[in-house]
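Notes follow the structure.
Since the structure is predicted, the reported quantities are computational estimates derived from the model, not experimental observations. Every number for a ligand or one of its atoms is a count from 1 in the order of the listing.
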Amino acid sequence: MADLLSLQQRAAQGEKLAILTGYDASFAAQLEAAGVDAILVGDSLGMVVQGQRSTLPVTLAEMAYHTAAVARGAANTLIIADLPFGSYQANPAQALQSASTLMAAGAHCVKLEGGAIMAETVAFLSARGIPVCGHLGLLPQSVNSLGGYKVQAKTDAAAQQLIADAHSLTHAGAAMIVLEAIPATLAKQVTDSIAIPTIGIGAGVDCNGQVLVLYDMLGINPGKPPRFAHNFMEGAGSVAAAITAYVTAVKKSTFPTEKHSFHSA
Ligand code: KIV
C-alpha cells in the first residue's frame, strides 16, 4: 500500500496524485482497482449519501461507519477521513479523541478544515502519530459564515491570508492540504511555496493532485454539479472505466481544464 511518505515523495518528483471520495466498500474496491492514490471518506457523504443540505449534520459515528466500510473494500489504498463539524474545533484534546475514532475505524490520515486557527491542533495530532490533511479555500463546514458555496480568496488580501494559512499548516506538520474553489493562479502560488502536496478541487491544474466527489464525477449527484466537476461517465461505458479515465486525466494533467478553473476578481 502507498503510504503518505511515498505519496509526498512522488508529488515532489512531479507525479500528479489522483484522489476521489468514497463512502462504501463496493465503490472503494472499484477505486482501488482503478489505482487511485488515496480515497477520501469525505463528510460530503452527508449531502450525496444522506441527502442533507450541508455537511454539518454528519456525526463522528457516521464518519467512522463509512470509514470502516471503505477500509474493508480497499485494504491496500491510503484512506483519508474527514473529521466532521463539531468534532475537533473545541481544542486539540477533542480533536485527538475524534481522530482516534476514525484511525481505529481504518483511516490512515484525518482531514480538518481551517487555517492558522487549526495549526495548534494539527501540531498536536501530528506529534501523536496522526497524519493530518488541511483544507483551505471554500470550507463546506463554514458555509453559514461564507454565505454559500462560493469561490474564495478572489481579492489580494484574502489571497495573502490563504497563503499565510497554508504556511501555518505546513509548519504545524500537516501532511497535505486540500485547496477548494480558489483562483488557479493562487493555487499555483501556494503549491510552489510549500513543501507538502496540494490537492485541488476547483483550484486549477497546477496543484500536486486532484480530488472530486465520486458522485459528481459519475454524474449521479441529483443537484446541479459544481462547475469544477466533470462527468467522466460520459462515453465511459462503466463505472470502472470512468474512474480509470479520471485517474489517467489527472496523471496526464488533462483534467482539470480551463473551464473547470476560477480566476481572481
Ligand atoms: O467532504 C468532501 O468530500 C471534501 C472534498 C470536497 C474535498 O472535503
Side-chain angles (χ1 to χ4, degrees), residues 7 17-24 27-28 31 36-60 62-67 69-70 78-89 98-99 102 107 109-115 118 131-143 146 148-153 162 166 169 174-182 187 190 197-204 207-218 220-221 223-230 243 246 250 255-256 260 262:
L7 236 62
L17 305 177
I19 301 178
L20 283 169
T21 67
Y23 316 107
D24 66 54
F27 273 120
L31 293 166
V36 297
D37 293 299
I39 299 174
L40 169 64
V41 187
D43 60 359
S44 52
L45 68 86
M47 299 173 82
V48 298
V49 177
Q50 299 176 343
Q52 312 272 13
R53 292 175 66 84
S54 77
T55 60
L56 274 67
V58 177
T59 66
L60 184 63
E62 288 164 349
M63 288 305 303
Y65 172 90
H66 287 278
T67 300
V70 168
L78 189 87
I79 296 170
I80 305 165
D82 266 341
L83 283 165
F85 178 69
S87 75
Y88 62 95
Q89 292 95 336
S98 302
L102 298 183
C109 175
V110 297
K111 178 164 79 59
L112 52 77
E113 299 184 9
M118 295 315 304
V132 182
C133 175
H135 187 151
L136 296 174
L138 172 53
L139 306 180
Q141 293 176 7
S142 299
V143 63
L146 300 176
Y149 297 97
K150 298 174 181 166
V151 181
Q152 300 296 307
L162 190 139
L169 294 177
M176 57 175 82
I177 303 179
V178 166
L179 299 175
E180 180 166 358
I182 63 170
V190 173
T198 59
I199 309 298
I201 172 164
C207 295
N208 299 113
Q210 300 292 328
V211 61
L212 278 181
V213 170
L214 180 66
Y215 290 23
D216 287 343
M217 62 78 71
L218 293 178
I220 55 171
N221 186 344
K224 187 170 171 257
R227 201 187 101 194
F228 54 71
H230 177 74
I243 297 170
Y246 168 79
V250 170
F255 174 81
H260 307 112
F262 302 111

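Side-chain atoms of T21 do not come within 3.5 Å of backbone N or O of L40 as any donor-acceptor pair. Judged by distance alone, with hydrogens and angles left aside, the side-chain atoms of Q152 form a donor-acceptor pair with the main-chain N or O of K150 at under 3.5 Å. A side-chain donor-acceptor contact under 3.5 Å links N208 to the backbone of T198. Between the side chain of Y215 and the backbone N or O of V49, no donor-acceptor pair lies under 3.5 Å.
Applying the 4.0 Å criterion to heavy atoms of H135 picks out, from ligand 1, the atoms 8 (O). Within ligand 1, the atoms closer than 4.0 Å to a non-hydrogen atom of D82 are 1 (O), 2 (C), 8 (O), numbered from 1 in the order shown. Atoms of ligand 1 lying under 4.0 Å from at least one heavy atom of T21, given by number and element, are 3 (O). Atoms of ligand 1 lying under 4.0 Å from any heavy atom of G42, numbered from 1 in the order shown and given with element: 1 (O), 2 (C), 3 (O). Within ligand 1, the atoms closer than 4.0 Å to a non-hydrogen atom of K111 are 4 (C), 8 (O), numbered from 1 in the order shown. In the vicinity of I201, heavy-atom distances shorter than 4.0 Å reach the ligand 1 atoms 6 (C).
Using a 30° and 60° split on the angle between ring planes, F255 and H230 fall in the tilted class, from 30° to 60°.
For L45, no heavy-atom contact with ligand 1 is shorter than 4.0 Å.
Not a single heavy atom of E113 lies less than 4.0 angstrom from ligand 1.
Q210 is listed as a side-chain neighbour of Y246, based on a closest heavy-atom distance under 4.5 Å.
Ranking protein heavy atoms by distance to atom 4 (C) of ligand 1, first place goes to L40 CD2, 3.7 Å. The nearest protein atom to atom 3 (O) of ligand 1, hydrogens excluded, is given as S44 OG, 2.5 Å; this is a heavy-atom distance.
Distance check: T59 OG1 to D43 CG gives 11.0 Å after rounding to the nearest 0.5 Å.
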